[in-house]
Amino acid sequence: MTVMKMKLNSSFLQTFTERGYLHQCSDLEGLDALAARQPITAYVGYDCTAPSLHVGSLISIMMLRLLQKSGHKPIVLIGGGTTRVGDPTGKDESRPLLTEVQIETNISGIRKVFERFIKFGDGPTDAIMVNNAGWLDRLNYIEFLRDFGTHFTINRMLTMDSVKLRLEREQPLTFLEFNYMLLQAYDFLELNRKYGCHLQMGGSDQWGNIVNGVELGRRADGAHLFGLTTPLLTLSSGKKMGKSESGAVWLNSEMLSPYDYWQYWRNVEDADVGRFLRLFTELPLDEIARLDKLQGQELNDAKKLLATEATLMAHGLDAAQQAAETARRTFEEGAVAEGLPELTIPPADFAPGIAVSELLRRSGLCASGGEARRLIKNRGVRINDQLIENELASLNPADFAGGAVKLSAGKKKHVLVRAGAG
């Protein structure tokens with residue numbers, strides 16, 4: 001059900017609603033009463049399809065953080081088992097199947113993300129991380145179908161958005177993927193049995209899968225479980241959250257530097273500033289209301305604050321301050337600021353020189369050499385703030401006498417290029 005306005009008694013759901021997280025709840029009144037009466041345990045599931053999560057997952061991470069700060073217990077469910085199936089939700093084609101080694105590598109990277117946002121431990125509200133491979137790997141297929149398959153009808157499964165999307169677009173949906181919703185529902189049942197988990201949270205695109213879990217808990221065990229979703233987050237322009245011009249906005253510093261992460265938030269659209277301050281920072285709501293009314297240069301200052309607060313949470317205070325200072329020196333002083341993303345060129349690549357277009361491609365500032373040459377032709381490339389007008393321009397080791405050069409694509413994308421030791 002889509003939630004209606006009602007008086008809420010639990011601090012968790014009050015804050016959840018005030019900051020704009022709430023979209024749907026299977027039983028808002030019942031969940032509010034339970035959360036006001038006692039600490040509850042809730043989970044969000046994350047499949048391990050990459051070595052890091054990206055900004056598209058940040059809203060659910062913030063939900064877990066808010067849950068814990070409100071006196072409740074988060075479970076981070078890592079999909080070591082379901083990753084081997086692949087969630088078809090929102091996808092036109094099957095996800096690539098990963099090996100066990102790839103999944104384990106991805107789990108290690110994802111674990112680092114959560115340690116920045118929530119506290120893990122043995123306390124009553126400390127978070128725990130659980131891998132669903134622990135029970136899915138042991139399932140006996142015939143026994144699973146006998147015990148739980150009777151609670152699902154093909155009629156209803158065909159109405160799920162993840163299935164309808166594929167069928168309407170005449171894209172194949174494998175039987176492997178068709179099983180995903182059963183496994184996710186079983187995860188909720190298992191977490192309730194093992195950990196007393198009563199709430200699953202996620203994005204609105206997961207609503208059908210979440211409701212399946214709520215229903216399975218009721219049918220199999222007579223358990224009163226709850227589902228809660230946030231709005232599917234898009235930018236004001238309609239673009240999907242989590243992508244930038246140069247690719248995914250990863251939450252691990254090994255895949256995206258804190259500076260680039262800071263820049264992502266600094267460059268959000270004007271209309272998104274207030275909403276993102278509510279969702280992705282912990283600034284007081286009255287302060288956010290004031291910032292949301294700013295215009296012009298003052299609005300840019302609000303964007304810088306958003307960028308610094310978001311980077312602080314994901315990468316720590318030192319990284320956030322360094323990113324903000326690097327941006328200030330780069331844009332306000334025109335300096336070759338340390339802290340920019342870096343590219344080191346091996347000596348062998350300077351024979352006789354290396355094209356600026358190739359540096360743009362290697363650094364990720366441009367997707368291809370052709371795009372780089374067009375950008376140079378359109379007067380969009382600078383070296384140490386000096387315009388490059390020759391599409392065939394190149395650099396040699398002598399150009400790096402100062403240690404590094406600043407390569408700029410447009411006004412907002414910069415990389416420090418260094419020559420490797422000979």
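Numbers for residues simply follow the sequence, beginning at 1. It should be emphasised that the depicted structure is a prediction, and the values quoted were computed from it without experimental measurement.
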Going through the checks in order, is the side chain to side chain contact (heavy atoms under 4.5 Å, CB included) test met by L407 and S363? CA-CA 9 Å; L407 176 63; S363 66; 4.2 Å; yes
Kindly indicate whether the side chain of [X], heavy atoms from C-beta on, has any atom under 4.5 Å from the side chain of [Y].
X    : Y    : value
L279 : M62  : no
I75  : V44  : no
L34  : L199 : no
L256 : V249 : yes
R379 : I388 : no
Q68  : P74  : yes
I128 : V76  : no
N252 : P51  : no

With a 3.5 Å distance limit and no angle check, can you tell me whether [X] reaches the backbone of [Y] through a side-chain donor-acceptor pair?
X    : Y    : answer
E309 : L283 : no
R266 : K304 : no
S57  : L53  : no
N212 : A185 : no
R19  : F280 : no
K73  : D126 : yes
S26  : G227 : yes
H72  : L67  : no
Q200 : F188 : no
R361 : S357 : no

Distance-only donor-acceptor pairs under 3.5 Å for side chains of residues 108-118, two or more places apart:
| residue | atom | partner | partner atom | Å |
| --- | --- | --- | --- | --- |
| S108 | OG | E104 | O | 3.3 |
| K112 | NZ | E254 | OE2 | 3.3 |
| R116 | NH2 | H315 | O | 3.2 |

Establish, from distance only, whether the side-chain atoms of [X] and [Y] form a donor-acceptor pair under 3.5 Å.
X    : Y    : value
Q24  : T229 : yes
Y259 : T311 : no
T308 : W262 : yes
Q206 : N209 : yes

Side chain to side chain donor-acceptor pair (under 3.5 Å), that's the test. Do T15 and Y21 meet it? Break it down for me. CA-CA 9 Å; T15 307; Y21 292 103; over 6 Å; no
Answer with yes or no after comparing the ring centroid distance for Y195 and Y43 against a 6.0 Å cut-off, counting only values under it. no
Kindly state whether the ring of Y261 and the ring of W250 have centres lying under 6.0 angstrom apart.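 Between Y261 and W250, the centre distance exceeds or equals 6.0 Å.
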Pick from N132, N131, N106, I103: which one makes a side chain to side chain contact (heavy atoms under 4.5 Å, CB included) with T83? I103
Please round to the nearest 0.5 Å and tell me the distance separating atom [atom1] of [X] and atom [atom2] of [Y].
X    : Y    : atom1 : atom2 : answer
L395 : I383 : CG    : CD1   : 5.0 Å
H414 : K406 : NE2   : NZ    : 5.5 Å
C48  : I107 : SG    : CD1   : 4.0 Å
L306 : L277 : CG    : CG    : 5.0 Å
F276 : I59  : CZ    : CD1   : 9.0 Å
R362 : T344 : CZ    : OG1   : 11.5 Å

Check this for me, if you would: do R328 and E325 make a salt bridge, where the nitrogen-to-carboxylate-oxygen distance has to be below 4.0 angstrom? yes
Between [X] and [Y], which heavy-atom pair has the shortest distance, and what is it?
X    : Y    : answer
R382 : L387 : NH1-N, 3.6 Å
A302 : L294 : CB-CD1, 4.3 Å
T234 : R275 : O-NH2, 2.8 Å
A223 : N192 : CB-OD1, 3.8 Å
A323 : P258 : CB-O, 4.0 Å
A133 : G80  : CB-C, 3.9 Å

May I have the step-by-step check of side chain to side chain contact (heavy atoms under 4.5 Å, CB included) for I354 and I345, ending in yes or no? CA-CA 9 Å; I354 187 165; I345 302 300; 4.0 Å; yes
Should we count CD of Q38 as having more than 12 external heavy atoms under 6.0 Å? yes
Is it true that, when you exclude E282 itself, more than 12 heavy atoms of the residues, nucleotides or ligands shown sit nearer than 6.0 Å to its CD? yes
Start with the C-alpha distance between F226 and L28, add both sets of side-chain angles, then the distance that settles side chain to side chain contact (heavy atoms under 4.5 Å, CB included), and finish with yes or no. CA-CA 8 Å; F226 302 90; L28 185 60; over 6 Å; no
Steps toward salt bridge (charged side-chain N to carboxylate O under 4.0 Å, His left out) verdict (D270, K303): CA-CA 8 Å; D270 292 357; K303 289 183 180 182; 2.6 Å; yes
Run I376 and L360 through side chain to side chain contact (heavy atoms under 4.5 Å, CB included) and show every step you take. CA-CA 10 Å; I376 295 172; L360 289 164; 4.2 Å; yes
